[in-house]
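Encoded as structure tokens, the structure appears first; notes follow it.
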2 protein chains.
Amino acid sequence: MSEMIKKPTLHDVSRAVGLSVYTVSRALSNRDGVSAASRERVLQAARELGYVPNRAAQELRRNTRSSVAVITASTSNYYYLDLMTGIQRTLRLSDRTAIVADVAAEGVYTRAVEESLVNDLIQSRTAGVIATLTLSPQSIQLFEKWEIPVVFVDSAPPKGADRVPSITTDNIGASMKVGAHLGDHGYTDWLFLAYPARWSTRAQRERGLREAAAAYGATLEVLESENDTASAYAALSGYLAVPGRSLPRVIIAGNNPMVHGALRVLRDRGVTVPSEAAIVAFDEFPWAPLLDPPLTVLNEDSETIGVLAAQTLARIIDEQVEAERLGKPPTPVYRPEYRQEMPAELIIRKSCGC
Amino acid sequence: MSEMIKKPTLHDVSRAVGLSVYTVSRALSNRDGVSAASRERVLQAARELGYVPNRAAQELRRNTRSSVAVITASTSNYYYLDLMTGIQRTLRLSDRTAIVADVAAEGVYTRAVEESLVNDLIQSRTAGVIATLTLSPQSIQLFEKWEIPVVFVDSAPPKGADRVPSITTDNIGASMKVGAHLGDHGYTDWLFLAYPARWSTRAQRERGLREAAAAYGATLEVLESENDTASAYAALSGYLAVPGRSLPRVIIAGNNPMVHGALRVLRDRGVTVPSEAAIVAFDEFPWAPLLDPPLTVLNEDSETIGVLAAQTLARIIDEQVEAERLGKPPTPVYRPEYRQEMPAELIIRKSCGC
DNA sequence: ATGATCCACCTAATCGTTTAGGAGGATGAT
DNA sequence: ATCATCCTCCTAAACGATTAGGTGGATCAT
């Protein structure tokens, strides 16, 4: 029975209906040049045979690709899930799919992993890249050479790639909001538990806090940790274990893994929040209101950021495809208006002392 | 300068060194039949030109593919992150990559989405599939026709596909453990807040609870909700809002989104946990110990399950490739020992009343 | 000198699509 | 009757890699 042919190709369909592969191809992709009758026969045969086009062959021939890569580190950060939701929802509209590529899958980030990942993306001729952390200038150069457009989210392009678009939160303004709230509480002894500066938001968040601290006459100490819960735990307990060191009045956790580590340290040391030490964190997450005490948090609108990033990337890719169709060099064109900055809001709950 | 050629192909490298594409190909893929001197020249030229092989062309010609798809629904469930960690770590060893495909990306699961996803995976000629929920028999048939091996994790194959491997938790045993603990507390009025039976663990967990309830003379009510936090919230508040209905003594949440919804309902109604109502949940997650009160939870070892699933799939794919090399039909071979069941442990914290 | 063997390399076919450049026949205008 | 115009369909050449099946020459045993 014809339906049992395994892995039928265009050719098999062509033979089955007695029309050339040309006609079959046009019929299946719904372009004209095929009579209604033939089209019907082709579709019928394709259905019966269970024909499914071979994407590798299509992409090779058409020189197009359908998937966009999201480069990320530490998928355990919750904001990343919202971000992906926004990205996926938007890309689906233009029939593209997003794949995630983790540069810190084995735990820590290394240059070697970044390089091999970038190589991998070029091998698969990705349509475009959304990066959640600043990539190396070399990576950007490579993507440029292969005409793969890049958009940064919540992170800045590296030096020398200032034209590359980025969708970010107004992190300086946001952290000043955080600082102002702490200042209003009358706290003067702040500790910022921060992830590494490789994530460019780190510098901005620190800067906003510094300005706020200066305005309120508070002292700001910065404690750096790798970007995961275990490291945050280790960093903070190491810090507090130094003899003679007193507990800061408030801890500002740079993101999700940081606040997780910090809360564990405080719990293990029996510190009462917020009466002995208050705590505030960047990045809202679903469990924040259910913690003990409910966590005061700075909420970035990650989903919207994801939507904007995906829209921007999709537009650049479309322009690129169009340029190629017209025979122009298809190098991606970045316009200044592709840079966008979103506001963030402070969600006040209990952990700050309110 | 030659380095500025955009998108060099094997042909460009071949021209640059004055050797045929055959020789260049062999040199780059490190097979023999090339003198050391030529190989060096080829590698040198490839480096200078910035040559990166085109994966679509390779896969088309070699008829191999390097990526494995993980079919999932509701990525907000935390166990999924651990699962992915295990899968990624294992696949990396055999130089394969995992991509995730969400059948419920738009929120709810529909048959149509499953069908189009399966079609998509066949188009890209995925090397193999790891499914975290029971797929339709049609999907299984399709994968079979295209000789794409499938492994289920934490879920059973559909009817008629009993030979397909699955790595699961001993859910019946696990839920009996849960039930026994509740029985020992002396609770007799249990409510199971459950996700739909499309996830095959649902039935097993329910069955174990039922047996335990019978053994302890408790009553078990089952309340079903869609598999997300908002639905769980709606389902439970609707249930409790029925006039004359009394609060159950203990709520057993079927998974992560369920417990999240339930805790929000209890908080909004001012119910004290565990004195007024106790709560226990399936699936450990990082925030569980930090909630108010710390959550008693049944811990599946998702990472190990991920590792086992990936190993099993990798082995099947390898056997398949080997069979093809020998000219045999490359249909995947499933052995009975590919079915594995893992134990789970109860992590007792405070929310159960301990 | 002859033949066998090996090595380094090449030519050309192939994977499954898309598509430029026709070809043949029907239709309609003149 | 002639020619232009449409349709519908075809042939054959790509896309960028891999590889079966040679080729020509060096080396070596006899």
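Below, read A as the first sequence line, B as the second, and so on, with proteins coming before strands; counting in each chain starts at 1.
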Side-chain ion pair, A:R335 and A:E319, N-O less than 4.0 Å: yes
Between CH2 of B:W146 and C1' of C:dG16 the distance, given in whole Å, is 11 Å
Quick one about B:E40 and B:Q44 (side-chain donor to acceptor, distance below 3.5 Å, no hydrogens or angles considered), yes or no? no
Contact interval (first through last nucleotide) of DNA chain D with protein chain B, 4.0 Å heavy-atom: D:dG16 to D:dA20
When the distance from NZ of A:K7 to P of C:dG16 is rounded to whole Å, what number comes out? 9 Å
For A:V118 versus A:L142, what's the shortest heavy-atom pair and its separation? CG1-CD1, 4.2 Å
Interatomic distance, A:Y51 OH vs C:dG16 C1' [rounded to whole Å]: 7 Å
Pairwise distance CG(B:L19) to CZ(B:R26) - rounded to 0.5 angstrom: 14.0 Å
Taking the side chain as C-beta and beyond, is there a heavy-atom pair between A:P53 and A:L10 under 4.5 Å? no
If we count only N and O atoms by modelled type, under 3.5 Å, do the side chains of B:N119 and B:E115 hold a donor and an acceptor together? no
Both A:R31 and B:R61 contact DNA chain C. Which one's nearest nucleotide lies toward the 5' end? B:R61
Name the nucleic acid region contacted by A:N54, choosing base, sugar-phosphate or nothing; use a 4.0 angstrom heavy-atom cut-off, strictly under. sugar-phosphate
Calculate the interatomic distance between A:R62 atom CZ and C:dC15 atom P; express it in whole Å. 20 Å
Report yes if a side-chain nitrogen or oxygen of A:Q58 is closer than 4.0 Å to either non-bridging phosphate oxygen (OP1 or OP2) of C:dG16; otherwise report no. no
How does protein reach along nucleotides 5-12 of chain C, written 5' to 3' as B (base within reach of a heavy atom under 4.0 Å), S (only sugar-phosphate), or - (no contact)? ---SBBB-
Are B:T72 and B:M84 close enough, and set up right, to give a side chain to side chain contact (heavy atoms under 4.5 Å, CB included), and what steps lead you there? CA-CA 10 Å; B:T72 179; B:M84 284 307 295; over 6 Å; no
Closest-nucleotide ordering on DNA chain D, the 5'-leading residue of B:L60 and B:R26: B:L60
Would you mind reporting whether A:P157 and A:I140 have side-chain heavy atoms less than 4.5 Å apart? no
Is there a donor-acceptor contact under 3.5 Å linking the side chains of A:N30 and A:R39? yes
